[in-house]
Amino acid sequence: MRIATWNVNSIRARLPNIMDWISTQKPDILLMQEIKCETSSFPFLEFKSSGYEVRAVGQKSYNGVAIASLHPIEDVTEALPHSSNDEPARYIEAVIKGIRIASIYLPNGNPVSTDKFTYKLDWMARLKQRAIKLLQEESPVILGGDYNVIPKEMDAHDPAAWENGALFLPQIRAAFQEILNLGYTEAFRAMNPHKLEAYSFWDYQAGAWQRDNGIRIDHFLLSPESIDRSTSCHIDRSPRGKEKASDHVPVIIDLDL
DNA sequence: ATGGTTGTTGGACAA
């Protein structure tokens, strides 16, 4: 079982790249973030022709998350608990082959001195509550997506450039660590403890990709029941070098099921 | 310090 997460930065702008990647990697499940379209505008037919069922929750212009799967998607939840009606489209959760799996687009939180930062903290607190609830099922849980969190210094090419930002401030890293402390494992670092220059995002600006000035902010958090079944986790940076690339690349996890 | 880029849109805003 192969599961990938990818912030695609517009599903419509990225469709050829995504279809190309899917046809070679053939993930059983692909979690997507920043589809940047309303749910009704999602290119469901293109995915269906590649064998994928898709459940999406979108909105006009911004945000939006989706789950594409070769296997039946059941028991879909389209928002975090305690969301308001006008909540941005940042969370979708479902059950696939007995795995409870979520596609997460955690708020960026910048600028730090605005309500965007407090919204990020509030969102992380609500995610923690959901994570607690899901652990109680004592079954495989996989929370994948763009967390907008750089966990450690080693996860940034230039940590100093990020130290006062909402992706790396101690308060944010602590909130991320709180979720791990519940009993979740951040799969990439657990399975590649010393790997350096393993990034999942490079800004479009200032030649960040050419300089390998990246950060690792796209993560898989696994419950004990799912980390026990995982065999590897890696990042495929190759899509970042293509024409019309997203600024993020896919993170892939393989499981024995 | 500023600007550098991309996407959605048709001017900012978000990242």
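We name chains A, B, ... by the order of the sequence lines, and we start the count at 1 in each one.
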Besides A/Tyr62, the hydrophobic cluster formed by Ile, Leu, Val, Met, Phe, Trp and Tyr side chains linked at under 4.5 Å, directly or via other members, contains none

How long is the line joining CZ of A/Arg14 and C1' of B/dT8, in whole Å? 12 Å

Residue pair A/Arg90/A/Ile11 against DNA chain B: nearer the 5' end by closest nucleotide is A/Ile11

Write down the distance between CD (A/Gln205) and P (B/dA1), rounded to a whole number of angstrom. 18 Å

The answer to which of A/Ala13 and A/Gly109 contacts DNA chain B further toward the 5' end, by nearest nucleotide, is A/Ala13

Return each pair, listed once, that meets salt bridge (charged side-chain N to carboxylate O under 4.0 Å, His left out) where at least one residue sits in residues 108-121 of chain A; pairs must be two or more places apart or across chains. none

Salt bridge (charged side-chain N to carboxylate O under 4.0 Å, His left out): which pairs involve residues 219-243 of chain A, sequence neighbours left out? A/Asp212-A/Arg237

Check the distance between B/dA15's C1' and A/Phe168's CZ and give it to me in whole angstrom. 19 Å

Atom CD of A/Gln210 and atom C1' of B/dT5 are separated, to the nearest Å, by 11 Å

In whole angstrom, what separates A/Trp202's CH2 from B/dG4's C1'? 19 Å

Matching residue for A/Arg216 among A/Glu186, A/Glu197, A/Glu153 - test: salt bridge (Lys or Arg N to Asp or Glu O under 4.0 Å): A/Glu186

Measure from OH on A/Tyr204 to P on B/dT5 and round the result to the nearest Å. 13 Å

Using the C1' atom as the point on both nucleotides, what is the distance between B/dG10 and B/dT6, in whole Å? 16 Å

Span that lies between the C1' atom of B/dA1 and that of B/dA12, in whole angstrom: 23 Å

Check this one for me: any side-chain N or O of A/Lys244 less than 4.0 Å away from OP1 or OP2 of B/dG7? yes

Among all residues two or more places apart in sequence or in another chain, which pass the salt bridge (charged side-chain N to carboxylate O under 4.0 Å, His left out) test with A/Asp256? none

In whole angstrom, give the distance that lies between atom CG of A/Asn213 and atom P of B/dA15. 19 Å

Under 4.0 Å, counting only non-hydrogen atoms across every strand here, what does A/Arg211 touch: a base, just sugar-phosphate, or nothing? nothing

Report the hydrophobic cluster partners of A/Met19, with the cluster defined as I, L, V, M, F, W, Y residues connected by side-chain heavy atoms closer than 4.5 angstrom, directly or transitively. A/Trp6, A/Val8, A/Ile11, A/Leu15, A/Ile18, A/Trp21, A/Ile22, A/Leu30, A/Met32, A/Ile35, A/Phe42, A/Phe44, A/Phe47, A/Tyr52, A/Val54, A/Leu70, A/Ile252

If you take any heavy atom closer than 4.0 Å to DNA chain B, which residues from residues 59-67 of chain A end up in contact? A/Lys60, A/Ser61, A/Tyr62

Is it the case that the ring center of A/His234 lies less than 6.0 angstrom away from the ring center of A/Phe188? no

At under 4.0 Å between heavy atoms, what does A/Phe201 touch on the DNA or RNA strands: base, sugar-phosphate, or nothing? nothing

N/O (side chain, A/Lys36) to phosphate O (OP1/OP2, B/dA14) under 4.0 Å: no

Nearest-Å distance, CH2 (A/Trp209) to P (B/dA15)? 23 Å

